[in-house]
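Please read the structure below before turning to the comments.
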Amino acid sequence: QVQLVESGGGLVQAGGSLRLSCAASGYRFSSSAMGWFRQAPGREREFVSATDWTGGSTTYADSVKGRFTISRDNAKNTVYLQMNALKPEDTAVYYCAASKWAYESTSLHDFSSWGQGTQVTVSS
């Protein structure tokens, strides 16, 4: 049974940083691309970032490019999202997701397993 458990969310002032972690279990983590998505109140879930099965190829939403960095440690079955220069508009619940495929995608439909989410709140 696939399990994805996010941690690292919290309340931070604008300009601050947070690092999200997602611990995976129940499947062959090193064979799957991983992604981060977020959902703000009243809005649809949106793509944030993704990495391929190796961690060598990454993709970012334009809104976070240059501020967020995705990485993974296949030895620890964990994917990370380093978030710097946070803005109030980054406030959302952040979800970790495991892809059906080895190569990264920006589409929700390519991700078959989801974590429970972690709240990130950025105050102005």
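Residue numbers count from 1 along this sequence. Just so it is clear, the model here is predicted, and its values are computed rather than measured.
Note: Y95 OH to T118 OG1 = 10.0 Å, rounded to the nearest 0.5 Å. Going from atom CE of M34 over to atom OG1 of T58 covers 14.5 Å, rounded to the nearest 0.5 Å. Annotation: the span from L81 atom CG to T51 atom OG1 amounts to 11.0 Å, rounded to 0.5 Å. Distance CE/M83 to OG1/T69: 11.0 Å, rounded to 0.5 Å. Note: Y80 OH to D73 CG = 5.0 Å, rounded to the nearest 0.5 Å. The distance from the CG atom of D52 to the OG atom of S105 is 12.5 Å, given to the nearest 0.5 Å.
A donor-acceptor pair is defined here as one N or O able to donate and one able to accept, closer than 3.5 Å; no such pair exists between the side chain of S99 and the backbone of A33. No side-chain donor-acceptor contact under 3.5 Å links K100 to the backbone of S32.
Remark: R72 fails to qualify as a cation-pi partner of W53 under the 6.0 Å distance and 45° angle criteria applied to the six-membered ring.
Taking all atoms of both residues into account, the shortest heavy-atom contact from F111 to S107 is CD1-O, 3.1 Å. Closest non-hydrogen pair, L4 versus Y27, comes out as CD2-OH, 4.0 Å. Closest approach of V122 to D90, counting heavy atoms only: CG2-CB, 4.3 Å.
Atom NZ of K76 is surrounded by 12 or fewer heavy atoms from other residues, nucleotides or ligands within 6.0 Å. No more than 12 heavy atoms of other residues, nucleotides or ligands shown are found within 6.0 angstrom of OH on Y103.
For the pair V79/I70, a side-chain contact is recorded, criterion being any heavy-atom separation below 4.5 Å from C-beta on. For the pair R38 and V64, the minimum side-chain heavy-atom distance is below 4.5 Å. Under the 4.5 Å side-chain criterion, counting only non-hydrogen atoms from C-beta, V2 is not in contact with W114. You'll find the side chain of Q119 reaches within 4.5 Å of the side chain of V93, heavy atoms only.
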After noting the C-alpha distance and the side-chain angles of W36 and E6, does the key distance pass the side-chain contact (heavy atoms from CB on, under 4.5 Å) rule? CA-CA 10 Å; W36 288 95; E6 301 99 334; 3.9 Å; yes
Start with the C-alpha distance between S57 and E104, add both sets of side-chain angles, then the distance that settles side-chain contact (heavy atoms from CB on, under 4.5 Å), and finish with yes or no. CA-CA 8 Å; S57 179; E104 75 271 27; 2.5 Å; yes
Output, in order, the C-alpha distance, side-chain angles, deciding distance and verdict of side-chain contact (heavy atoms from CB on, under 4.5 Å) for R45 and L108. CA-CA 8 Å; R45 192 169 299 191; L108 278 77; 4.0 Å; yes
Evaluate the criterion side-chain contact (heavy atoms from CB on, under 4.5 Å) for residue pair V48 and Y60; output intermediate values, then yes/no. CA-CA 6 Å; V48 175; Y60 297 93; over 6 Å; no
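Judged as a ring-ring contact (aromatic ring centres under 6.0 Å, His included), and not counting sequence neighbours, the contacts of F47 are F37.
Inspection of the N74 and S30 side chains reveals no N or O donor paired with an N or O acceptor under 3.5 Å.
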Anything under 3.5 Å between a donor and an acceptor, one on a side chain of residues 14-23, the other on a protein residue two or more places apart or in another chain? List them.
| residue | atom | partner | partner atom | Å |
| --- | --- | --- | --- | --- |
| S17 | OG | N84 | OD1 | 2.9 |

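A salt bridge links D62 and K65; the closest N-O separation between the charged side-chain nitrogens and carboxylate oxygens is under 4.0 Å.
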